[in-house]
Peer 1: 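Take a look at this one; I'll ask things after.
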Amino acid sequence: MAMRDTTGRAANRLPRTYRFGLTAASTLALAALAPQVALAQDAAAADEALTDANGEIVVSGIRYSIANSINLKRNAESIVESISAEEIGKLPDVSIAESIARLPGLAAQRVGGRAQSISIRGLSPDFTTTFLNGRQQASSGDNRSVEFDQYPSELLQSVVVYKTPDASIAGMGLSGSADLRTVRPLEFGKQAIALNLRGELNSGGRLNKDVRNWGWRGSASWIGQSEDGTVGWALGYAHLDSPSQNRHVKAYNYETFCCGIDNNIFPAANKGATYVTGQEAFAYSRENKRDAAIGILEWKPSDAIHSTLDLYYSRFKQKEVMRGSQWFSNVWADSQTFANTTTSTLGGTTVGVTGTTTGGAPQLRNDYNTREDRLFSAGWNTEFALGDHTALVADLSYSRNKRDESITETYAGYGCCATSATQNANRTFDSIGWDYTRFLAGDGMPDWSEGLNYADASKVSLGDRAPWGGWGHDGATKNPHVVEKVWAADLGLKRDFDGGFIKSVELGGNYTRRTKTKSVDEYDLFLKNNRTQTLVGSQYLVQPTSLGFAGMGGVLAVDLPSALPVYFDKVVYVDANTFDKSWDIEEDIWTAKAKVNLEAGNLHGNIGLQMVHQKQASHGSAINVVVTPRVVTPISRETSYTDWLPSLNLIYELGGGHRLRLAASKTMARPRMDEMRADFIPGFGNPCSGSGGSSAQCQPGGTIHPWTANGGNPYLEPWRAKAVDVAYEWYIDKSSYISVAGFYKHLDNYIYQQTQAFDFAGLALPTTAVIPTGVTVSPIGQITQPANGKGGKLYGFEVSGALGLGKLVPALDGFGILGSYSYTKSELHPTTSTNVKTIAATRIPGLSGTVYNITGYFEKWGFQARASYRYRSAFKGEVVQLFAARGATEILADKQLDAQLGYTFAEGSKLEGLSLLFQVNNLTDSPYRTRLGVDDGGARTSDGSALPETYEKYGRQFLLGASYRF
């Protein structure tokens with residue numbers, strides 16, 4: 001039976017030279033190309049499940065995508081998960097991260113409401129490598145993990161996630177690898193043009209009136225081939241203009257009062273309760289714009305040569321406006337009182353639930369942030385057939401990612417127009433009511449009410465209103481800059497054998513050079529006229545921003561880009577941390593690869609080995625702040641390591657679609673690049689001053705060790721782990737399967753903060769140092785820095801499957817379900833001690849104990865309907881915190897429901913090729929929540945329960961559009 005597309009034309013057969021890549025790739029490039037070839041085969045293999053009444057295959061739609069993904073999983077020797085486009089330019093979700101997050105054992109972290117980073121099997125994104133067409137990608141963040149919003153789903157044909165390594169691919173991650181793949185025009189085998197256009201709307205209106213809540217996205221793709229089939233090309237362009245809104249509240253401090261000051265709490269019976277004492281309500285609005293393009297050129301003049309050039313470019317721009325209010329409620333400050341309080345019991349602790357704070361002075365915020373990422377990737381792959389059984393493949397690639405950010409915050413408050421002479425002269429006090437009933441229960445925002453009108457432009461002025469004398473400036477701007485480049489060359493040779501246990505042998509080598517540079521320009525903002533509080537002219541104002549989602553009124557909204565140079569002086573700010581944020585990393589990695597592909601009866605698979613030699617260099621600064629003026633000395637450090645990484649992937653066919661898998665490997669992941677910085681900031685303890693001068697070490701002949709420091713570690717070694725995977729799979733038919741898998745990873749080491757010996761030789765002593773006569777100052781002190789230490793173990797199981805319900809009940813033909821459940825547990829005790837039982841276990845960032853997702857769909861008569869729900873339990877996540885610094889927070893359970901409806905006009909109709917689509921993302925407006933503290937830290941109730949910290953809601957995203965293919 002012939003495979004047909006929706007126009008009825010027969011698809012081309014595979015070119016003969018691709019037989020070298022169908023079973024196992026001999027190089028990184030072949031590993032990327034082989035599954036692309038498999039996509040063409042998969043459609044043919046899927047005929048059993050996807051035939052229409054005439055016995056022809058309809059190669060589009062949900063079931064086609066599922067069948068392709070299942071066949072790719074089945075054909076791969078490694079354990080993989082995959083998603084495939086339903087048709088050109090049409091992956092199932094509006095973002096790559098959303099699609100990947102639905103795969104078994106994977107989970108996404110939302111940032112500003114958008115899925116951005118991915119964890120594989122409970123391991124941090126730090127442990128994952130991302131490829132584009134099999135080539136490593138440069139990242140724009142502080143680390144190596146790729147932010148997937150730089151890759152439009154409209155330009156990708158599939159995504160394959162490797163859970164076990166393939167020895168023919170260099171640079172695979174410790175937890176897994178995600179390979180984003182574009183179409184191969186010669187394998188696609190026909191001419192095609194696809195157009196997509198969708199409008200989108202974010203529910204809840206405009207939080208900030210100068211940022212719209214509607215946008216659009218569109219794409220165009222063209223695939224073609226020459227008449228003789230020797231040249232193929234693909235061009236694609238995708239534009240994204242997607243707004244997002246974020247309603248944010250935070251309780252960043254809890255406190256219990258005593259010692260007489262609690263007399264300011266009324267009624268007196270509630271003195272001993274725990275109260276929220278620091279809070280904020282912010283309204284974020286973002287414009288996210290991205291332009292991306294691909295260009296692919298294939299040349300195959302004969303069966304002996306096949307060459308492919310891939311080009312990719314994207315520019316992602318984000319504008320973020322944030323306005324809101326933050327204040328400090330504390331009966332220790334400003335003679336504040338808590339009146340009319342009521343309390344409740346939470347986890348055995350009495351907490352204040354409702355009341356009124358008198359004497360509070362909110363600090364109003366007007367922030368304006370921008371970000372621009374520019375990514376360019378190029379790859380050139382050529383395959384040479386050296387006879388009927390031997391192939392040589394060469395691949396060259398380059399990837400560059402550059403990010404420029406600007407982060408600006410300004411302060412304002414009620415009243416005008418005092419100078420900065422005294423604290424209270426700058427602050428007007430208010431009475432603020434509060435109700436934390438829903439917030440403390442974890443199912444809603446606080447309800448605050450203020451007495452003053454913070455949107456009144458005649459009363460609200462610019463200026464620092466922070467308590468205890470303020471923050472020393474009226475605003476701040478930070479401009480981080482990151483540039484990363486990756487060059488790679490890969491060469492592979494594969495030899496096939498006829499008959500025998502050894503099916504083929506692959507040998508190869510890879511050289512990858514990666515560089516990353518980061519710097520941060522910092523500025524203080526001071527109001528003109530000696531920081532005199534200043535009213536804002538009407539020409540620089542926007543309609544006030546409402547904080548009604550938290551029960552409050554409006555706040556003054558300033559158009560910062562135009563007002564900033566009018567009201568503020570910008571002064572360069574430099575401190576020790578400025579230098580500590582600037583660093584350069586260089587890596588040169590040589591990989592020798594060998595793999596033997598095996599086949600004997602029902603058993604097949606591969607065994608491989610990689611030798612990885614890594615040389616790393618770090619350039620930074622020794623920032624001596626113990627002398628005046630500060631002395632900054634450039635320093636460079638380098639080291640190298642060699643690792644041997646064996647791997648095994650075996651499959652035993654039981655018959656009837658049943659099979660068993662076994663995989664074992666040693667894997668590694670390079671350290672975080674920001675932690676590899678050579679920067680350090682020393683301190684000097686002066687142990688012989690004061691009463692310490694009588695100690696033995698301060699007597700003649702004694703030796704003191706006064707030096708301490710904090711910094712990075714240029715000598716960090718990779719994370720290393722040993723892994724074992726077992727799986728049972730049953731492929732029921734071409735669109736239905738069941739899989740049960742178990743995995744175990746032993747982390748040989750883990751990187752965490754440690755205090756170690758350090759040589760401070762060459763640093764000048766402070767002039768205030770007290771060094772008695774005859775006492776020696778040792779250059780050996782201690783530094784607190786990230787370092788390799790004891791590891792632990794990670795283990796779990798996964799259950800996944802897909803089922804067309806028509807196979808069970810004919811009346812349900814067209815209905816189907818797919819989903820997965822994953823359970824993961826870690827035992828990690830970051831310590832240098834040999835007695836780990838005394839050390840509290842620490843969870844790995846990104847680890848959710850439970851992750852599951854389920855999708856139900858219907859597809860028949862041209863109609864498509866789908867609903868997808870995903871869940872991940874609480875986990876430690878990496879987020880941007882104060883002053884654009886990255887840190888960890890505890891993110892509570894995340895749930896999201898998405899749905900879509902569509903209709904495709906039938907073949908032969910006047911509108912053939914046209915599809916209509918309606919989507920709703922985040923259908924239930926699921927909140928993003930964090931708790932106070934990480935791991936065992938943070939304020940706790942009597943029974944050990946954590947207290948809530950952040951609560952955010954992003955609204956629903958509606959998309960309506962059409963696609964046309966011809």
Peer 1: Which residues pass the side-chain hydrogen bond (donor to acceptor under 3.5 Å, both in side chains) test with Thr130, not counting sequence neighbours?
Peer 2: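 With sequence neighbours excluded, Thr130 shows a side-chain hydrogen bond (donor to acceptor under 3.5 Å, both in side chains) to no residue whatsoever.
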
Peer 1: In the structure I gave you, are the side-chain heavy atoms of Gln610 and Lys666 within less than 4.5 Å of one another anywhere?
Peer 2: no

Peer 1: Test side-chain contact (heavy atoms from CB on, under 4.5 Å) on Ile751 and Leu716 and set out the steps.
Peer 2: CA-CA 8 Å; Ile751 297 172; Leu716 281 176; 4.0 Å; yes

Peer 1: Identify the heavy atoms of Asn788 and Pro718 that sit nearest to each other, and give their distance.
Peer 2: ND2-O, 3.8 Å

Peer 1: Considering only heavy atoms from C-beta outward, does the side chain of Met676 approach that of Arg670 to under 4.5 Å?
Peer 2: yes

Peer 1: Could you work out, with ring-ring contact (aromatic ring centres under 6.0 Å, His included) as the rule, every residue matching Tyr744, not counting sequence neighbours?
Peer 2: none

Peer 1: Tell me the closest heavy-atom pair linking Arg661 and Arg74, and the distance in Å.
Peer 2: NH2-O, 3.8 Å

Peer 1: Please walk me through it: do Leu747 and Ile844 pass side-chain contact (heavy atoms from CB on, under 4.5 Å)?
Peer 2: CA-CA 11 Å; Leu747 296 173; Ile844 299 170; 3.8 Å; yes

Peer 1: How about Trp590: does its CH2 atom have over 12 heavy atoms from other parts shown lying under 6.0 Å from it?
Peer 2: no

Peer 1: Sequence neighbours left out, what passes salt bridge (charged side-chain N to carboxylate O under 4.0 Å, His left out) with Glu586? Give chain and number order.
Peer 2: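 Here the qualifying residues are Arg513.
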
Peer 1: Which pairs, with at least one residue in residues 98-107 and sequence neighbours excluded, count as a salt bridge (Lys or Arg N to Asp or Glu O under 4.0 Å)?
Peer 2: Asp93-Arg102, Glu98-Arg870, Arg102-Asp898

Peer 1: With sequence neighbours excluded, tell me which residues meet salt bridge (charged side-chain N to carboxylate O under 4.0 Å, His left out) with Lys722.
Peer 2: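 Lys722 satisfies salt bridge (charged side-chain N to carboxylate O under 4.0 Å, His left out) with Asp748 once adjacent residues are dropped.
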
Peer 1: Can you run down the salt bridge (Lys or Arg N to Asp or Glu O under 4.0 Å) pairs that involve residues 637-647, sequence neighbours left out, and say none if there aren't any?
Peer 2: Asp643-Arg720

Peer 1: Taking the side chain as C-beta and beyond, is there a heavy-atom pair between Asp674 and Lys518 under 4.5 Å?
Peer 2: no

Peer 1: Hey, which of Asp725, Thr824, Thr128 is the one that makes side-chain hydrogen bond (donor to acceptor under 3.5 Å, both in side chains) with Arg121?
Peer 2: Asp725

Peer 1: Assign the ring pair Tyr151 / Phe148 to parallel, tilted or perpendicular, where the plane angle (0 to 90°) is split at 30° and 60°.
Peer 2: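 Tyr151 and Phe148: tilted rings.
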
Peer 1: If you define the side chain from C-beta out and look only at heavy atoms, does anything of Asn922 sit under 4.5 Å from Arg110?
Peer 2: yes

Peer 1: With sequence neighbours excluded, what pairs up with Phe743 under the ring-ring contact (aromatic ring centres under 6.0 Å, His included) test?
Peer 2: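 If we apply the ring-ring contact (aromatic ring centres under 6.0 Å, His included) test to Phe743, skipping adjacent residues, there are no hits.
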
Peer 1: Run the salt bridge (charged side-chain N to carboxylate O under 4.0 Å, His left out) test against Arg659 and tell me which residues pass, sequence neighbours left out.
Peer 2: Glu653, Glu729

Peer 1: With rounding to the nearest 0.5 Å, note down the distance linking OG in Ser665 to CG in Leu645.
Peer 2: 8.5 Å

Peer 1: According to the interplanar angle, ranging from 0 to 90°, do the rings of Tyr398 and Phe376 count as parallel (below 30°), tilted (30 to 60°) or perpendicular (above 60°)?
Peer 2: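 Correct class here is tilted.
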
Peer 1: Of all residues at least two apart in sequence or in a different chain, which pass the salt bridge (charged side-chain N to carboxylate O under 4.0 Å, His left out) check with Arg290?
Peer 2: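 Not a single residue meets the salt bridge (charged side-chain N to carboxylate O under 4.0 Å, His left out) criterion with Arg290.
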
Peer 1: Sequence neighbours excluded, which residues qualify as side-chain contact (heavy atoms from CB on, under 4.5 Å) partners of Val596?
Peer 2: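 Applying side-chain contact (heavy atoms from CB on, under 4.5 Å) to Val596 gives Ile502, Val505, Leu598, Ile607.
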
Peer 1: Can you name the ring-ring contact (aromatic ring centres under 6.0 Å, His included) partners of Tyr869, sequence neighbours left out?
Peer 2: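 ring-ring contact (aromatic ring centres under 6.0 Å, His included) check on Tyr869 returns nothing, list empty.
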
Peer 1: I would like to know whether Ser868 and Thr855 meet side chain to side chain donor-acceptor pair (under 3.5 Å); could you show each step before the answer?
Peer 2: CA-CA 4 Å; Ser868 299; Thr855 296; 2.8 Å; yes

Peer 1: My understanding is that only residues two or more places apart in sequence, or in another chain, count here; which of them pass ring-ring contact (aromatic ring centres under 6.0 Å, His included) with Phe316?
Peer 2: none

Peer 1: Quick one: does any side-chain atom of Ser78 pair with a main-chain N or O of Val80 as donor and acceptor, under 3.5 Å?
Peer 2: no

Peer 1: Could you tell me which non-hydrogen atom of Ile96 sits nearest to which non-hydrogen atom of Ser153, and how far apart they are?
Peer 2: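 Closest approach of Ile96 to Ser153: CD1-CA, 3.7 Å.
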
